[in-house]
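Notes follow once the structure below has been shown.
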Amino acid sequence: MSVKPAARLRRKDLVGIDPLSPGEIQLILDTADQMRAIAARPIKKVPALRGKTVVNFFMEASTRTRFSFEVAEKRLSADSLSFSAAASSVSKGETLVDTALNLEAMQPDFIVIRHVHAGAPHQLARILKSSVINAGDGAHEHPTQALLDALTIRLHRGTLEGQVVAIVGDLQHSRVVRSNVLLLARMGATVRVAAPPSLIPLGMEKLGCEVHRRIEDAIAGADVVMMLRIQLERQGRMNFPTVREYYDFFALTPERLKLAKKDCLVMHPGPMNRGVEIDSRVADGPQSVILEQVTNGVAVRMAVLYLLAGGHGEPTAD
Amino acid sequence: MSRLLIKHGRVVDPTQRLDEGLWVLVVDGKVARLAERIDDRDAEVLDATGLVVAPGFVDVHTHLREPGFEYKETVATGSAAAVAGGFTAVCCMPNTQPVNDNAAVTEFIRGRAVAAGLARVYPIGAVSKGLQGEELAEMGEMARAGAVAFSDDGKPVHNAYLMRRALEYAQLFGVPVVDHCEEPSLAAKGVMHEGAVATRLGLRGIPAASEEVMVARDVVLAELTGGRLHVAHVSTSGGLDRVREGKAKGIAVTCEVTPHHLALTDQAVADSEYDTDTKMNPPLRSPDHVAALLQGVQDGAVDCLATDHAPHHADEKVLEFDLAPFGIVGLETAVPVTYDLLVRRHKLPLRMFIALWSSNPARVFGLPGGSLKVGSPADITLLDLEARLTVNPDRFRSLSRNTPFAGQRLKGWPAATLVGGKAVWRRERR
């Protein structure tokens, strides 16, 4: 590997991939590799974060990401509690900042935040003493998703460098694509993205990717194809005509997958819309690593928590 | 008879093509004499050594928030902010509560301004009742009560038929219709300029085209009607091009540009990590648009500068970027921000700079002032071009603090403000 890992993650927060250096990304991925080993043991727990408190502050519906953080926290022996917007005082008119200050008054060490509005984690990171981890903010970033995707690619390919990764789907509304492009480009991969032109945000190429309008152009010869969820709930009726037509032009089907390399990995951050952006024959096929991504998510989140808490080297067992 | 003698100043008056060391004698609130030396033992003396003596600066785009939003700003605090920023007159927008869409509200605002006794306050009446964009407000009544222009500011006049009729009807009173040019269906709930920065930040963009299409429509309607159109806060190269084309065809169109659209780019949203004091509408644009605006200021396509002073309470601005209201305060930073940028860095002639803040806006809005000709009201702005100060919102007279310029060290500040010959503000020596 050409990128040397940083010795430590010297930062309070993880608000995005954008602020991270290649060395820091490498360190997180290397640490996540070690964390994977913990899950393989009969007792899947280390005391690394014993006595630390983590608040999972989810202001937007999420099952996978929240559970993944919760499992990661438990495996590190942290005390964690979760709450979601519906159950909070936010609906009573309290501002985000007031809610966060109230949480902080209970002296947690970490606040993991998922929010519908871009930038909310940055605004909290500025005023809170706790470490803020971005678990997805609006259409901005989802750094732990990009890290778990990178870990998955690396496990199969040995390296990110030189890999050709195609990301296809709703680029306009996806935080996953932003974090992934930033991370993969920074680590030396070639990233191609594709979407109908009405779902390509202006200046997308400046994130460090090639922009295509046809899925075929993006996946030709690719090492990895990552499909993004068509966020039906975020679409008006004007961005593309119908799901039926979307499938016709943009879904990853077995026929289209043949354009990629023979051993091309198929990825999806979930939740999948089967029959919309991805055909079930591909999603469940031999090249799919979609469930491995979920497994690796726990390891990556353990690594991030551990490193932000000041940890380095391998966490020791009891 | 009250007499004031302003000694030793450098008088710069674009309306008389003046830039020389002259003394100014003010008698009963009017400019009485300009000469190299004036002997008048009875006059009170104001020593303007080292200062520029300019026609009073006029801000044609201010939000004073009273009636209805007195926790953001009042006519009194806004007037205090105006004079502390070097402005002798402001035109205030009608998006109050109740809306300034009738003579009673117009008179109320003027009454508050007289009571405050600081800047001159010229209300701008609403084009449509309740700013609803459906039926014309009683423009004549408001004009008689002192309204100097009409606008649904904050909202574009979306209905082209209504805009057409407004441009026609306002001609009865010889006043401009001011439009906030934005096609709402294109702006589509955006919160910042659409472009690479918004894409990286994951924020919804407001395309430059949303401004340009509306400016284009308005210029066409101004041609159709022969009415006077003033385009508020132009922020895009395309919007400015449409204004230029209109002017070239002899259409009665004018426009203003704000200090923040000249001094900042959309990168400020990223650099400040979603600071809501970088959120305003029109949004901060990309460098290519900013360059076009600077060019327009230099070549005269831009008629005047205006602040779009939009006070908001800190409690409103502390929200998520998507949810915070648009707008920043500007009265107390406009002059140093623009002097430092335009004159100091871009070498705009001082006389042009002064015209952009005084004689030009006064001409566009048909206001008294904007000149130091004998007989003019003695509304005078004194500038200290050597003063180098740091923007400190804690010292603002405005009730609100929402500025992206906090902490900036700038050169060229107002030193004193005279309205009707009376010094209503002087910078304290620190």
Side-chain angles (χ1 to χ4, degrees), chain A residues 13 15-19 59-60 90 93-101 113 115-127 132 134 136-143 171-179 181-182 193 199-209 211 234 236 238-239, chain B residues 183-210 212 236 238 265-279 283-289 312-325 402 404 406:
Chain A
D13 313 295
V15 291
I17 296 297
D18 212 2
M59 309 276 289
E60 186 186 62
V90 171
E94 192 177 50
T95 62
L96 170 68
V97 165
D98 279 335
T99 306
L101 287 172
I113 180 174
H115 201 289
V116 286
H117 295 299
H122 306 68
Q123 291 174 309
L124 294 190
R126 271 206 294 277
I127 57 168
V132 173
N134 182 358
D137 63 324
H140 178 226
E141 279 224 43
H142 193 350
L171 307 177
Q172 187 89 45
H173 300 95
S174 173
R175 52 190 169 223
V176 173
V177 72
R178 287 167 174 77
S179 289
V181 171
L182 291 168
V193 299
L199 289 176
I200 302 175
L202 270 181
M204 185 78 200
E205 69 287 352
K206 291 195 178 149
L207 295 180
C209 55
V211 180
R234 291 184 193 214
M238 293 192 196
N239 291 345
Chain B
E183 170 50 51
S185 63
L186 275 176
K189 295 186 183 146
V191 296
M192 72 174 290
H193 175 63
E194 182 178 275
V197 180
T199 293
R200 193 176 201 106
L201 293 178
L203 291 172
R204 207 187 281 251
I206 301 175
S210 74
E212 187 179 344
T236 63
T265 67
D266 57 350
Q267 186 60 34
V269 184
D271 292 345
S272 70
E273 297 200 320
Y274 300 88
D275 185 339
T276 57
D277 287 341
T278 61
K279 180 180 177 183
L284 298 174
R285 299 291 185 183
S286 50
D288 48 330
H289 291 290
H312 289 295
H313 196 278
D315 290 349
E316 298 168 305
K317 275 290 197 179
V318 79
L319 302 178
E320 292 87 323
F321 199 87
D322 284 335
L323 304 181
N402 47 316

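Chain naming here is simple, since letters A, B, ... match the order of the sequence lines and numbering starts at 1 in each.
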### Task
Identify which of A/M204, A/R126, A/E141 forms the greatest number of heavy-atom pairs closer than 4.5 Å to chain B.
A/R126

### Message
Quiz question: by atom type and distance under 3.5 Å, do the side chains of B/Y274 and A/H140 form a donor-acceptor pair?
### Response
yes

### Message
Would you compute the distance between atom CG of B/D266 and atom CZ of B/R285 and round it to the nearest 0.5 angstrom?
### Response
9.0 Å

### Task
With a 4.5 angstrom heavy-atom cut-off, could you sort out which part of A/L124 is near chain B: side chain, backbone, both or neither?
neither

### Message
Could you walk me through whether A/V132 and A/I113 satisfy the side-chain contact (heavy atoms from CB on, under 4.5 Å) test, starting with their C-alpha distance in whole Å, then the side-chain angles of each, then the deciding distance to 0.1 Å, before giving a yes or no?
### Response
CA-CA 7 Å; A/V132 173; A/I113 180 174; 3.8 Å; yes

## Note on the structure
Under 4.5 Å to a heavy atom of chain A? For B/S272 that would be backbone

### Query
Between A/Q172, A/R178, A/H115, A/K206, which has the largest tally of heavy atom pairs under 4.5 Å with chain B?
A/R178

### Message
How close do B/F321 and B/T278 get, counting heavy atoms only, and between which atoms?
### Response
CE1-OG1, 3.6 Å

#### Entry: chain B contact via A/D18 - side chain, backbone, both or neither, heavy atoms under 4.5 Å
side chain

### Nearest-0.5 Å distance, NE2 of residue B/H193 to CD1 of residue B/I206
10.0 Å

